*Asks:* 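Sharing a structure here in structure tokens format.
Here, residue 1 is the first one in the sequence, and each next residue gets the next number. What you see is a predicted model, and the numbers here were worked out from it, not measured in a lab.
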Amino acid sequence: MIFLRFLWVGLASGALLLARSGFDTGMGLADNRDIFVSRGVTGREVEWIRIRAVAESGSEGDHPTRVLETDRQALRDLRASGVRTCVILRWGDEAWKTGFRVRQQGAGVRAPLDLREAFERTRRLAASYGDLVDAWEIDNEPDIGFFADNADVFAAYYKALALGLAAGRAEAGVAGGPPLGSQLNYTAPARILMAAPGLPPGPHFEQLLANGYLSYTEGFNYHHYGFAMDYAGVYASFKDAMGQFSGRSENRDYPARRLPVFLTEWGYSLLDGYEAQTVAGRVRQWAYFRDVTTLNHRLRVAAPMAFVAMPYYEQGMKEFGLVMPAADQRAAHYGFAVAAREDAQGMAGKSYSAGGMVFRPEDFGATQPEPWMRRIGETGWRGEASPALAWLLTHATPEADYAAGLRWPLRKPAGAGEPRPASSGAGDWTARTPAASPVVLDMAPGDDALAVKSYQGYWLRTPSGDEAWTGQAKLVLYNFAAREARLRFNWPQGMAPQQADEGVFEATLAAGERREIPVRFSVSARVFEPSAVNLAAEVQFAGQPVAQTTYWASRFYPWPKGLAAKDRKDFTAFSARDASDNRARLLGRPLAPEEPALIEQGRWLVTPGVRVEDTPNGWRIHLDRLPGVGARPSVAELPLPKDWRMPVGTMLSYDYRLTPLEGAQELRSDSTDAGLRPLGGRFGDMAESYIRTENGNLFSTVPRLMPTETWKRYNQNAENLTLHFLGRTAPPWRFLDNRPAALVFFIRPKQLPAVFEVRDPHIASWVKAGRE
């Protein structure tokens, strides 16, 4: 009876079936198999691993010795060990035989012109591996530079890939695999996952939701690279965004779907190459993973995968690796080696070595050696286990399991080789969405509809009289079903066919058909504000009593020619006293351990080594040294008056440049002075422009600024600003729902001393000249 009581406590808590540790190893399937299976690692310590690609049917890719059956055997071996696999699928432009979209703005890979090619590719993959892969993750962080096209394009591309996986999964005869979009069960293998956003929710994510994105995922997925203290806020913001979408009137009648929460990347982003070779730096890394692990257990995240279980010095800038290069490999890995702390005995005669460093219990705030410390320096990981990796491997099981006296008795034993539930359901999120329609809507813009990703839409540039701008495009219809589909919709405002009536549109699509419909878009030329276009089409299949709905959504701007600034507000027009309320709030806000404190300097708050000089039309921000705290940049923050606002259509504008001063020296990654180590790595000079809100959130756009000695222009509208790491990331997550508190610059020079100049900083609305 006592055992049964403990059993009930464990089940009721929801902790019993939660995932243990997981890792994005940064490696392909063969390397993962060699490391995990050869070492005898089981699901007791590592439950999930994220794998970079598998061999495709009919192609050996870049690995001539790898074929489909070789990879199938590797997946069998991993499953037999109790380790579950999440395969991320991502292809470059060169992969698409049908061609790809012209890059107009932004970096990253692009979707194929014909989405049937994407559908067929994933159909073959799921048919080949669907009985052995536990989750398929489609692409990576499309909200930032990993994907070039706009959100509406990514949504259509994602749908084609997800539908292909669902079709291939059915071909593979996966037992218990429900059709995509239906009520899910938690024994279904080969789960289809959304692409994880790289940032907290914002305008890009909202555009994906408007395009029916959630209907095509079987797990909610996100990434986190912010401060540990802000992790719960990111989690809450995503949950709130999904809840707001599900709670809309048009979604309330749909059945509730439970989505387990996946975290396919979470990592410590504040370790430079020098600190990565020090005890203090690796202890900071350990503290981050300790704190976020605790929150993952508390929040019941089903599948957290720590980034990254290999030494990984990214772009000569940040070390993300949980595995440390051995002492004789450090100089080659970083390009330099830091003198290690001399060997010394810790408490009770214990010390632990890894990566050429010696760790003692007191480094971790312990009064005596703890069991997890024995794994520091563990080999067999193509390097040596850092304290963070040792902690993750040892503290995989939630504390509630230990409190209940339970380990793994209710899980299938390691070696059973069968898929297990993704979660107990206790930490799952609820979404109300329509079923995933196999009819997908896409849009291929013409030359006069310029895709601008940071504006989450298109700029139209053909004038239509004095009152409108227009752009041409092709609405592309796909039917990925194996049966005929009938499509019906009304043309939304701002969108119309080029060669047909503007009333009801109806079409019959054969199975597998792709059809192009020439369309035109139009927006008012009176003001530079977004105009949303949302298309909801009814889809009916023969013998199906209820019609489905498929979506396409984006937003459009007029070409800014002929517009002039209105209601201009200059940042030089107020005094420090005018901004006293926000100044006090900003000085008193809680800081993360790696966040440098700011000091008052005139109207500004700055990090040490920064001085702001007023000029007749802006500022010269003098930089003598970096703060030297947690790989953080120099900061110059201008508190704003309490009544300062940026409504929709308000544009933040200024010119900027970065110039080294006389006697400037190139910063060195091996400098013993943390204030003189570069933070831009191979990217060189970098800067970021933010608005900080009253709750400490930072809002900006992507990508970062790349300042040079030549003046450049920054223009961004308020509705484009999105939450960013590294600042507070607490709800409300929309910029327009927050109250601005400061204009902020983060600056990362490659030489010091230097000066970052800002000219003509202001906000204004842009309206047609002569209009009130």
*Asks:* Does any N or O in the side chain of Asn211 come within less than 3.5 Å of the main-chain N or O of Gln207, such that one atom is a donor and the other an acceptor?
*Replies:* yes
*Asks:* Check the orientation of Phe220 and Trp429. Use parallel for under 30°, tilted for 30 to 60°, and perpendicular for over 60°.
*Replies:* tilted
*Asks:* Can you tell if the side chain of Asp149 reaches within under 4.5 Å of the side chain of Phe100, non-hydrogen atoms only?
*Replies:* no
*Asks:* Should Phe205 and Leu723 count as side-chain neighbours, where that means a heavy-atom distance under 4.5 Å?
*Replies:* no
*Asks:* Under the criterion salt bridge (charged side-chain N to carboxylate O under 4.0 Å, His left out), which of Arg79, Arg72, Arg169 is the partner of Asp131?
*Replies:* Arg72
*Asks:* Identify the two heavy atoms, one from Arg432 and one from Arg252, that lie closest to each other, and give their separation to 0.1 Å.
*Replies:* CD-O, 3.8 Å
*Asks:* If we ignore hydrogens and angles and just use 3.5 Å, is the side chain of Arg191 paired with the main-chain N or O of Pro260 as donor and acceptor?
*Replies:* no
*Asks:* So, does Asn479 use its side chain to make a donor-acceptor pair with the main chain of Glu513 at under 3.5 Å?
*Replies:* no
*Asks:* Is there a donor-acceptor pair closer than 3.5 Å between any side-chain N or O of Lys453 and the backbone N or O of Phe147?
*Replies:* yes
*Asks:* With the side chain counted from C-beta on, respond yes when Val83 and Glu47 share a heavy-atom pair under 4.5 Å apart, and no when they do not.
*Replies:* no
*Asks:* Quick one: do the Trp91 and Glu56 side chains pair a donor with an acceptor below 3.5 Å?
*Replies:* yes
*Asks:* Let me confirm one number: the CD1-CG distance from Ile49 to Leu29, rounded to the nearest 0.5 Å.
*Replies:* 7.5 Å
*Asks:* What's the spacing between Asn140 CG and Leu89 CG if we round to 0.5 Å?
*Replies:* 11.5 Å
*Asks:* Less than 4.5 Å apart, any side-chain heavy atom of Glu206 and any of Gln456?
*Replies:* no
*Asks:* Can you find a pair of side-chain heavy atoms, one from Phe521 and one from Met443, that are under 4.5 Å apart?
*Replies:* yes
*Asks:* Can you list every salt bridge (Lys or Arg N to Asp or Glu O under 4.0 Å) pair that touches residues 470-490, not counting sequence neighbours?
*Replies:* Lys474-Glu516, Arg488-Glu506
*Asks:* In the structure I gave you, are the side-chain heavy atoms of Phe505 and Leu535 within less than 4.5 Å of one another anywhere?
*Replies:* no
*Asks:* Between the side chain of Asp71 and the main-chain N/O of Ala55, is any donor-acceptor distance below 3.5 Å?
*Replies:* yes
*Asks:* Does a salt bridge link Arg110 with Asp93, judged by any charged N lying under 4.0 Å from a carboxylate O?
*Replies:* yes
*Asks:* Check the orientation of Phe154 and Tyr157. Use parallel for under 30°, tilted for 30 to 60°, and perpendicular for over 60°.
*Replies:* perpendicular
*Asks:* Please work out which of the three classes, parallel, tilted or perpendicular, describes the rings of Tyr222 and Phe238, given edges at 30° and 60°.
*Replies:* tilted
*Asks:* In terms of ring plane angle, is the pair Tyr455 and Trp459 parallel, tilted or perpendicular, where the classes change at 30° and 60°?
*Replies:* perpendicular
*Asks:* How long is the gap from CG on Asn32 to CG on Asp77, to the nearest 0.5 Å?
*Replies:* 12.5 Å
*Asks:* Kindly assign one of parallel, tilted or perpendicular to the pair Trp48 and Phe262, based on the angle between their ring planes and the thresholds 30° and 60°.
*Replies:* perpendicular
*Asks:* Hey, are Thr462 and Asp448 close enough side-chain-wise for a donor-acceptor pair under 3.5 Å?
*Replies:* yes
*Asks:* Using distance alone, with no hydrogens and no angle criterion, decide if Asn221 and Thr264 have a side-chain donor and acceptor under 3.5 Å apart.
*Replies:* yes
